[in-house]
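Encoded as structure tokens, the structure appears first; notes follow it.
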Amino acid sequence: MIKRKIPAFDLHKICNSGQCFRMKPLGENRYGLTAFGEYLEMEQEGEVISFSCTGEEFSRRWEDYFDLYTDYEKMVHAVDQEDIYLTAAVRCGQGMRILRQELWEVIVSFIISQQNNIPRIRKCVESLCIQFGEEKEDFRGEKYYVFPTADVLARKNLEDFAICSLGYRAKYIWNTAKMVADGTVSLSKLTGMEYEAARTELMKLSGVGIKVAECICLFALHHVDAFPIDTHIRDMLTSHYPEGFPFERYQGYAGVLQQYAFYYELCGAE
DNA sequence: CACCAGGACGTTT
DNA sequence: AAACGTCATGGT
């Protein structure tokens with residue numbers, strides 16, 4: 001158990017921003033997260049966060065995962081002050097981060113996300129982990145389940161996925177798992193690619209179109225210029241930016257602002 | 001019972 | 001190349 005003082009960091013917003021489906025609230029200001037095969041618990045008291053790991057594990061894994069080296073305030077301050085909407089959105093999302101999540105998990109999670117709502121996406125992802133993921137024990141002896149590998153999913157039969165209630169997405173995931181397992185699409189090559197090359201490569205996968213590819217680029221490969229446009233963002237763009245969103249002004253990090261906007265659309269009223 | 005949810009895909013205009 | 005129907009599932 002370690003404590004760190006981290007300014008401009010809000011676990012509640014990160015948990016509810018719809019980018020990670022394996023982080024869940026445990027109680028007042030407490031959260032649990034499974035990533036990279038490990039289980040982490042966190043508790044936030046103002047700017048001080050407790051993490052259930054050693055300092056060595058924190059600097060080796062979680063600093064990077066939570067993107068602590070990026071200066072978000074700098075991007076927030078660069079927002080056009082005459083832009084009423086964006087100014088309100090970044091204010092609302094104060095403490096947001098773009099996580100650096102695992103590529104395979106994000107690919108599958110966002111295939112599941114299509115025509116689906118966030119609570120049910122969480123259920124589907126958790127179900128996949130419980131059914132097919134490796135079982136481990138956390139620091140207090142409780143069981144948790146790692147996200148299943150592409151190899152494991154590729155070896156299953158399509159009918160095996162029925163228990164996860166994935167609907168028509170099961171076939172997408174199965175086909176995608178086989179493409180990754182047999183090397184048709186290489187995860188390690190994707191990691192080294194530029195944004196647009198990675199996006200094109202990702203769209204070779206079954207069930208991955210432009211929107212899901214952009215999400216994978218943003219939430220796993222950390223191409224923060226990726227700007228996924230879903231139904232909420234599309235509605236937002238037509239109502240607040242009928243003349244077009246100023247992508248040129250925010251070139252290189254527009255995706256971060258997209259995430260503020262997405263959170264604002266979902267939780268702005270709370 | 002109708003409608004919707006962080007879309008993708010094959011087919012028809 | 002743009003519009004259209006379809007694809008399952010669970011929630012409201």
Side-chain angles (χ1 to χ4, degrees), chain A residues 13-24 85 89 92-93 96-99 101-103 105-131 153 156-180 184-185 198-241 245 254-270:
Chain A
K13 291 174 187 175
I14 293 168
C15 184
N16 291 295
S17 65
Q19 57 178 306
C20 171
F21 304 105
R22 300 213 69 197
M23 181 172 169
K24 58 183 178 184
Y85 177 81
C92 171
M96 176 72 61
R97 301 278 164 155
I98 305 289
L99 300 178
Q101 302 180 72
E102 288 174 276
L103 179 54
E105 177 176 330
V106 173
I107 289 173
V108 177
S109 297
F110 279 89
I111 288 175
I112 292 173
S113 78
Q114 61 188 92
Q115 285 300 103
N116 213 338
N117 55 63
I118 292 179
R120 207 171 84 84
I121 296 166
R122 290 180 177 279
K123 282 185 183 175
C124 291
V125 171
E126 182 177 11
S127 180
L128 262 181
C129 295
I130 291 174
Q131 294 302 326
L153 296 184
K156 298 296 174 185
N157 300 311
L158 182 56
E159 310 86 67
D160 297 334
F161 291 88
I163 191 171
C164 297
S165 300
L166 301 171
Y168 64 92
R169 308 167 193 87
K171 188 176 291 180
Y172 289 158
I173 291 168
W174 191 48
N175 288 332
T176 286
K178 288 189 285 188
M179 291 176 75
V180 169
T184 304
V185 170
R199 186 180 63 185
T200 302
E201 184 67 11
L202 284 165
M203 288 175 68
K204 292 179 181 173
L205 295 170
S206 170
V208 178
I210 181 70
K211 189 271 172 183
V212 169
E214 300 264 17
C215 285
I216 299 165
C217 285
L218 183 56
F219 300 132
L221 301 175
H222 208 77
H223 294 306
V224 290
D225 37 351
F227 196 95
I229 298 177
D230 68 343
T231 52
H232 299 107
I233 294 296
R234 186 171 298 285
D235 290 348
M236 180 279 288
L237 289 176
T238 54
S239 57
H240 295 284
Y241 299 92
F245 186 82
V256 178
L257 300 178
Q258 181 275 356
Q259 194 56 22
Y260 281 112
F262 183 79
Y263 178 78
Y264 189 46
E265 292 299 310
L266 255 66
C267 309
E270 88 173 79

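Below, chain A is the first sequence line, B the second, and so on; all start at residue 1. Quick caveat, the model's predicted, so the values are computed rather than measured.
- Atom-to-atom, CG of N175(A) to C1' of dA8(B) comes out at 13 Å; the value is rounded to the nearest Å.
- Looking only at distances, no side-chain donor or acceptor of S206(A) sits under 3.5 Å from a matching main-chain atom of T176(A).
- The distance between atom CD1 of I107(A) and atom P of dG7(B), rounded to the nearest whole Å, is 18 Å.
- Under the ring pair (Phe, Tyr, Trp, His ring centres under 6.0 Å) rule, F219(A) has a single partner from F110(A), F21(A), F262(A), which is F110(A).
- The distance between atom CD of Q19(A) and atom P of dG6(B), rounded to the nearest whole Å, is 15 Å.
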Enumerate all atom pairs, one protein N or O and one N or O from nucleotides 9-12 of chain C, separated by less than 3.5 Å.
{"residue": "dT9(C)", "atom": "O2", "partner": "R120(A)", "partner atom": "NH2", "Å": "3.0"}
{"residue": "dG10(C)", "atom": "OP1", "partner": "S165(A)", "partner atom": "OG", "Å": "3.0"}
{"residue": "dG11(C)", "atom": "OP1", "partner": "K123(A)", "partner atom": "NZ", "Å": "3.0"}

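- Exactly one of V212(A), V185(A), I112(A), I216(A) qualifies for a side chain to side chain contact (heavy atoms under 4.5 Å, CB included) with I107(A). That residue is I216(A).
- Among residues at least two apart or in separate chains, side chain to side chain donor-acceptor pair (under 3.5 Å) pairs with a member in residues 224-235 of chain A are D230(A)-H232(A).
- Under the 3.5 Å distance criterion, the side-chain polar atoms of Q19(A) are left unmatched by any main-chain donor or acceptor of L218(A).
- Atom CZ in F262(A) sits about 11 Å away from atom P in dA5(B), given to the nearest Å.
- Within 4.0 Å of S127(A), counting heavy atoms only, lies no atom of the nucleic acid at all.
- In this structure C164(A) satisfies the side-chain contact (heavy atoms from CB on, under 4.5 Å) test together with S127(A), L128(A), Q131(A), F132(A), L166(A), sequence neighbours excluded.
- Rounding to whole angstrom units, CG of residue D235(A) and C1' of dC4(B) are separated by 13 Å.
- In this structure, I111(A) atom CD1 and dA8(C) atom C1' are separated by 16 Å, rounded to whole Å.
- Atom name C1', nucleotides dG6(B) and dA2(C): the rounded distance is 23 Å, in whole Å.
- Take S109(A) and apply the side-chain hydrogen bond (donor to acceptor under 3.5 Å, both in side chains) test, not counting sequence neighbours, and it matches no residue.
- Within 4.0 Å (heavy atoms only), Q258(A) reaches at least one base atom of the nucleic acid.
- At least one donor-acceptor pair under 3.5 Å links the side chain of R169(A) to the backbone N or O of Q115(A).
- Residue I112(A) contributes atom CD1, which lies 15 Å from atom C1' of dA8(B) at whole-angstrom precision.
- Backbone-only engagement by I210(A) is indicated by non-hydrogen atom pairs under 4.0 Å involving sugar-phosphate atoms exclusively.
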Set out, line by line, the N/O atom pairs under 3.5 Å between protein and nucleotides 9-13 of chain B.
{"residue": "dC9(B)", "atom": "OP1", "partner": "G207(A)", "partner atom": "N", "Å": "2.8"}

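- In this structure, the side-chain contact (heavy atoms from CB on, under 4.5 Å) partners of A254(A), at least two apart in sequence or on a different chain, are F227(A), F247(A), Y250(A).
- Comparing the C1' positions of dC4(B) and dA8(C) gives an interatomic distance of 14 Å, to the nearest angstrom.
- Protein atom CZ of F161(A) is 15 Å distant from nucleotide atom C1' of dA8(C), rounded to whole Å.
- Residue T231(A) places at least one side-chain N or O closer than 4.0 Å to OP1 or OP2 of dG7(B).
- Across dG11(C) and dA8(B), the matching C1' atoms stand 22 Å from one another, rounded to whole Å.
- Side-chain atoms of R97(A) do not come within 3.5 Å of backbone N or O of I14(A) as any donor-acceptor pair.
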